[in-house]
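Below is one structure, written out as structure tokens; comments come after it.
Here the structure is a predicted model, which means the values were calculated and not measured. The residues of the chain are indexed from 1 along the displayed sequence.
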Amino acid sequence: MGAQTIESISEFLLHAGTNFQIVDMGREITAIDAQTFLDIENAAIPVPRPRQQYAWFGIIFWNTQQKQNEYIWFVKLPVDEQGLLIPASRNHFLQIIVDALGSSLTEDSEQDQTLPDNPYNFVPNQQQMSLFNAYARNLLDKPATQGIDDVNRYLSHPAIVDWTKLSVQAVADTALLINQPDKKEAVKTCFHLYAGDFQIALLSGCEPVCLDSDLVETFCQAIAASDDSVKRDQAILRALTTQSDDPRIQKILHDMMCEDASLDVDTLSVIAARHYRQLNDELIKLFFEQVAKCDESQGFEGALFKGFFADLVQIPCTRERVLTLLRLPERSATLSRAIGQLFTQAKG
């Protein structure tokens, strides 16, 4: 199998005798179908959820003849200013794997599935890996990890179960099923009783889940009744990720961004990464006002504003709003300075 006969990663995997599942890991963990991935590869459609000017994918594949073992590649590929995958980089990655592996993916050995070192690999952090493992097992109908019964007991009886003995992976596996009636009721009743670190672990595991409306309300109430737990509030924001507009989440964001105190870089990053869909005309202006304030107060000299601008302008659903921001007549002096500096940097 030569590189000249293979024109896409999808084609390579099929020719190598595998079935595969693509998971978009850009801004949240979301499965995408084979045709969508092929269209993304061929720059026929924009990458739906780019992050930091890259498309991020977990590629799960297995031998079509036997599915005892699945293998995973974590791959990031650069996108252009319009959010389209750069074909030359995809082709370079393809050349690397064809030269290194040939057709050996049909051989069921771990060594034959391992990619050589290349500039397109990435290693998820521990939390991302736990979340991906839980999501992949659920997606492929694999049994959950051991320890979920203990997590379920803690959800309902936090006073009598030692949360420190719960495994991070078991918490992630349980969180994917949080909409089940027994779990939902336990969380609604006991969330405020959970240990802070457990709250954060549970919330992290909820990121790929389209939360039940009652749970959205529970988490919105928790963040509104802030106890200055910044990490917990950031975890709640990540857990509230949704595919559609939600007035309750938009109100939380509005209230946060209208406070006198500037938001920190981490909170701004969570809003941009997880709640870009919520950024309507008003909220996107408030967001970039906050970015401009943080940029000046922290001495980033325009780099922070430029980074968020470049990030959000590549997302299809926010691109026009971000570009419109440049022409807004009514904006603060701080935002005007940040936009002016953006143009100055572009000319330089």
Side-chain angles (χ1 to χ4, degrees), residues 1-126 128-137 139-140 142 314:
M1 181 167 59
Q4 69 277 10
T5 64
I6 301 296
E7 298 182 351
S8 68
I9 299 169
S10 304
E11 189 178 354
F12 172 80
L13 292 167
L14 290 172
H15 275 265
T18 72
N19 286 331
F20 61 93
Q21 173 66 62
I22 307 298
V23 177
D24 184 346
M25 300 178 68
R27 307 183 93 83
E28 60 251 18
I29 292 181
T30 307
I32 56 178
D33 61 59
Q35 184 60 52
T36 299
F37 181 63
L38 182 60
D39 290 342
I40 290 170
E41 277 199 78
N42 292 330
I45 61 173
V47 175
R49 290 166 287 271
R51 174 169 54 91
Q52 298 173 340
Q53 290 81 61
Y54 282 88
W56 306 72
F57 300 112
I59 302 175
I60 310 168
F61 60 93
W62 58 92
N63 191 305
T64 55
Q65 303 302 315
Q66 48 187 359
K67 196 185 172 184
Q68 287 89 345
N69 296 310
E70 291 89 19
Y71 301 93
I72 303 169
W73 294 341
F74 293 109
V75 178
K76 63 174 187 175
L77 297 167
V79 300
D80 66 17
E81 68 280 357
Q82 293 183 318
L84 297 171
L85 202 72
I86 298 175
S89 298
R90 187 278 311 271
N91 294 341
H92 184 214
F93 172 72
L94 192 57
Q95 183 72 56
I96 291 170
I97 60 176
V98 169
D99 289 348
L101 303 178
S103 60
S104 63
L105 291 188
T106 56
E107 305 296 329
D108 198 24
S109 68
E110 185 169 355
Q111 183 176 358
D112 289 330
Q113 322 297 329
T114 304
L115 280 176
D117 289 337
N118 68 82
Y120 307 105
N121 286 352
F122 73 95
V123 179
N125 61 36
Q126 183 180 13
Q128 287 176 319
M129 187 64 82
S130 296
L131 190 54
F132 179 86
N133 286 341
Y135 187 83
R137 274 199 296 271
L139 190 65
L140 301 175
K142 292 284 187 178
Q314 287 185 316

Distance, nearest 0.5 Å, that separates [atom1] of [X] from [atom2] of [Y]:
X	Y	atom1	atom2	result
Trp62	Gln21	CH2	CD	6.5 Å
Glu28	Arg49	CD	CZ	5.5 Å
Ile97	Ile59	CD1	CD1	7.5 Å
Ile40	Asp24	CD1	CG	6.5 Å

Restricting to salt bridge (Lys or Arg N to Asp or Glu O under 4.0 Å), what partner residues turn up for Arg27, sequence neighbours left out? Asp311
Verify whether one side chain among Asn91 and Gln95 offers a donor that lies under 3.5 Å from an acceptor in the other. no
Show the nearest heavy-atom pair for residues [X] and [Y], with the distance to one decimal.
X	Y	value
Val47	Pro50	O-CD, 3.2 Å
His92	Tyr120	ND1-OH, 2.7 Å
Phe132	Met25	CD1-SD, 3.7 Å
Glu7	Glu11	N-OE1, 3.1 Å
Ile96	Pro119	CD1-CD, 4.3 Å

Are any of the side-chain heavy atoms of Pro124 and Leu131 separated by less than 4.5 Å? no
In a table with atom names and distances, give each donor-acceptor pair under 3.5 Å that connects a side chain of residues 74-89 to protein atoms at least two apart or in another chain.
from  : atom 1 : to    : atom 2 : distance (Å)
Asp80 : OD1    : Gln82 : N      : 2.9
Asp80 : OD1    : Gly83 : N      : 3.1
Asp80 : OD1    : Leu84 : N      : 2.9

In sequence, state the C-alpha distance, the side-chain angles, and the governing distance for Lys142 and Glu70, and then conclude on side chain to side chain contact (heavy atoms under 4.5 Å, CB included). CA-CA 11 Å; Lys142 292 284 187 178; Glu70 291 89 19; 3.0 Å; yes
Applying ring pair (Phe, Tyr, Trp, His ring centres under 6.0 Å) to Phe57 and not counting sequence neighbours gives Phe37
Please say whether more than 12 non-hydrogen atoms of neighbouring residues, nucleotides or ligands are located less than 6.0 Å from CG in Asp117. no
Could you check Phe12, Trp73, Phe20 and say which one makes a ring-ring contact (aromatic ring centres under 6.0 Å, His included) with Phe61? Trp73
Give a yes or no on whether the backbone of [Y] and the side-chain of [X] come within a donor-acceptor separation of less than 3.5 Å.
X	Y	value
Thr18	Leu13	yes
Glu41	Arg90	no
Asn118	Asn121	yes
Tyr135	Ala31	yes

